[in-house]
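A quick write-up on the structure given underneath.
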Number of protein chains: 2
Amino acid sequence: MANPTIYDVAKAAGVGVGTVSRVLNNSTRVSPETQEKVLSVIQELGFRRSKVARQLSTGVQHRNIGAMLPYITPPSFVERLRGMQMALSHQDNDFNLILYTVSEPDRQHEQLLTIVDQSTVDGLLITTLNISDEERDLLKQAGIPFVILSDVFTGDTNGISTDNVHGGYLATQHLLQLGHRRVAYVGDELTNNYGIPTSDLRYKGYLSALAEYDIPVNADYVCLGMHGEETAHRLTRQLLTLPEPPTAIFAMSDIQAVGCIQAVRESGLRVPEDISVIGFDDVQLSRYVGLTTVRQHLEQSGYLGMQMLLDMLMTPGKVTPRHLPPLELVVRNTTQQYGLA
Amino acid sequence: MANPTIYDVAKAAGVGVGTVSRVLNNSTRVSPETQEKVLSVIQELGFRRSKVARQLSTGVQHRNIGAMLPYITPPSFVERLRGMQMALSHQDNDFNLILYTVSEPDRQHEQLLTIVDQSTVDGLLITTLNISDEERDLLKQAGIPFVILSDVFTGDTNGISTDNVHGGYLATQHLLQLGHRRVAYVGDELTNNYGIPTSDLRYKGYLSALAEYDIPVNADYVCLGMHGEETAHRLTRQLLTLPEPPTAIFAMSDIQAVGCIQAVRESGLRVPEDISVIGFDDVQLSRYVGLTTVRQHLEQSGYLGMQMLLDMLMTPGKVTPRHLPPLELVVRNTTQQYGLA
DNA sequence: TACTATTATGGAAGCGGTTCCACAGGTGAT
DNA sequence: ATCACCTGTGGAACCGCTTCCATAATAGTA
């Protein structure tokens, strides 16, 4: 039998459905023999009670919040996730947090459709993913409130965004203020697979800082590749072989910055004495390694996003907008005045 | 009205439930006027259709897997989580992954009860939490298969465990082999709040290695405190003020090892020239900072655990046991021969 | 012995949707 | 005028469980 129900069990055991249900909830007064028999039939038929039917009939309220992220590899997503989790546990209404990792950009739409179709979640938190107008409408239609944690300022009232251009500017300006003039940019392809323009935005900030200091852009100093430490490592090695290598590097993420630092050290140079390196994000790791970086309050963005979503779920229509603290330069030990060494 | 149903909507709109349902599924042939009216009533009543009722009647299979973890702060949990996620996405049956963070040890039992009561999940992955026999029975009774990723070898067939004693031995032995004789242990309280004896076990390994080399245990060299980088930092400072400070430190986790290294460097000493430091776990961070450590294949343990659970869910009764590769010493740049500097 | 509690059990009703079937009313072809 | 065929709609049946009520059988009490 495909999926036996309690009726099947009841029939096979020669008892009524009520009795089977009582056995299942190992509740009041069922005679030992009956219980025995029912249990054995359950075993035999491989019966498993339906979660939904049970929930419907008991009337449990059982709300799910979905968190969609591109992938959980980079620490920045983990930090946001942690923030979400915290916000959730601070209000102790029991929402479940369901994790959706969009492993491939192409599947994003499909995943979203499934979520809506099967009405899996009551609310959705979308992190750093491009979401089309069509998809927005889909969610609205289905009555699923959502909050977007974005890398671009979207003007959405239901969103929290980071000003990446400004962040890129801050990082670069810091290096320029220290007297560096040969400043490289190491980042992702300007628009990656997911259509997330984070690198592009931070790069724009880099450009505007250079412009402010009247420094022409040197194409050799702009190194793009896949996200990750290894790529950054490789790109940095290339930078160092230039006839006139940079004296400072702005890496668009802390992870990449770490890759840069390793490459610099491996080639016998010192950080920050010979080359300054600044990252972006301020993930946990950065504190550990003493990396100078731009803090974007990742954990807090997850926290606030979740709070907004909870608002929307608890009292539909009313959302208190939340704001992230401004980006912040965090100076540690990987940048230093030019020419000091 | 507390929770309006489609019947309420139907009555208020003066139509039949079928029509309301059709509107909700914006489906075939409903006259524009009717649709309009129904939608406005829905709006007015604040109607939201029940997820469960819908699922029951459409018969969607909608399976959830829960992952219970102590907290998501330490990277080691994140790595396991990533492994789980990967295993899940490799088989594309659509299971949802629900995250349960046990924020306080006391609440663990309560959370487990809720999960069982509300039959939220179809399977459970329990990471590094002590689970009582009573709780095991509870899950068995409820027919919820579970897999335990444990720090202790439990003999469970449905578990994956790490041999922490051996790991502690490996780490310490490595330092001893390098000629160190004054070797400190920096770790958590031997049994922490959650009743997880990880520190205790690794400490036992430490002891057995010392015994093998006939080195008496120096109580001053055993420093315990709360998990985390800061505590390790503080403990290490204390170690360095000893009349005869250690020449090598075994920190029970990579995070703590990083704290140790910072403290050493801040006090003007070098790692590994003056003091060797070895960690435990081999989280991502460790590769970045070049930490010598004991690799315990965290990501893979999450991966294998999830595979086992999926086995149990797909074909009840049949579980292919999975085994973790043995613990592995990973030598990087934070340990060195004693006296070489 | 007659009457009341108590215990074990069967089964109908209900949870809130979806879907199928029946049917009314209108259209167009014969 | 008759018939076949759409279109829009109402409502019963159903999804698989829990729970309450009714009832039979047994035990306890005066």
Side-chain angles (χ1 to χ4, degrees), chain A residues 1-39 41-42 45-63 116-120 122 141-144, chain B residues 1-39 41-42 45-63 116-120 122 141-144:
Chain A
M1 190 172 316
N3 258 327
T5 72
I6 50 167
Y7 287 93
D8 301 319
V9 174
K11 197 156 54 166
V15 300
V17 287
T19 304
V20 177
S21 179
R22 269 167 233 128
V23 171
L24 286 172
N25 299 298
N26 60 340
S27 77
T28 44
R29 19 199 108 83
V30 179
S31 79
E33 311 88 64
T34 314
Q35 170 155 341
E36 181 93 9
K37 173 185 270 175
V38 170
L39 284 177
V41 171
I42 285 178
L45 263 55
F47 166 82
R48 301 206 47 203
R49 72 177 152 189
S50 151
K51 197 173 56 195
V52 259
R54 186 166 145 77
Q55 285 174 0
L56 178 59
S57 97
T58 52
V60 292
Q61 278 294 359
H62 200 259
R63 323 204 85 185
V116 172
D117 258 22
Q118 305 194 344
S119 54
T120 322
D122 301 279
Q141 261 265 316
I144 300 179
Chain B
M1 187 172 316
N3 258 327
T5 71
I6 48 167
Y7 288 94
D8 301 320
V9 174
K11 195 154 56 164
V15 299
V17 287
T19 304
V20 177
S21 181
R22 268 167 233 129
V23 171
L24 285 172
N25 298 297
N26 60 340
S27 76
T28 45
R29 22 197 107 82
V30 179
S31 79
E33 310 88 64
T34 312
Q35 168 154 341
E36 180 93 8
K37 174 185 268 175
V38 170
L39 284 177
V41 170
I42 286 179
L45 263 56
F47 166 82
R48 300 206 48 202
R49 68 179 155 189
S50 150
K51 199 173 54 195
V52 257
R54 186 165 145 78
Q55 285 173 3
L56 178 59
S57 93
T58 52
V60 292
Q61 278 294 358
H62 200 260
R63 322 206 87 185
V116 171
D117 259 22
Q118 306 194 343
S119 54
T120 322
D122 301 279
Q141 263 267 315
I144 300 179

Mind calculating the distance between [atom1] ([X]) and [atom2] ([N]) to the nearest angstrom?
| X | N | atom1 | atom2 | result |
| --- | --- | --- | --- | --- |
| Lys51(A) | dC15(D) | NZ | C1' | 15 Å |
| Glu33(A) | dT9(C) | CD | C1' | 13 Å |
| Gln35(A) | dT7(C) | CD | P | 16 Å |
| Lys11(B) | dG11(D) | NZ | P | 12 Å |

[Y] and [X], any side-chain heavy atoms less than 4.5 Å apart:
| X | Y | result |
| --- | --- | --- |
| Val52(B) | Leu56(B) | no |
| Asn25(B) | Arg54(B) | yes |
| Val23(B) | Thr34(B) | no |

Atom [atom1] of [X] and atom [atom2] of [Y]: how far apart are they, to the nearest 0.5 Å?
| X | Y | atom1 | atom2 | answer |
| --- | --- | --- | --- | --- |
| Arg22(A) | Gln35(A) | CZ | CD | 12.0 Å |
| Thr5(B) | Lys11(B) | OG1 | NZ | 9.0 Å |
| Lys37(A) | Thr19(A) | NZ | OG1 | 11.0 Å |

Checklist outcome for this item: Per-nt protein contacts along nucleotides 12-19 of chain C (heavy atom under 4.0 Å; B base, S backbone sugar-phosphate only, - none) come out as B-BBBBBB
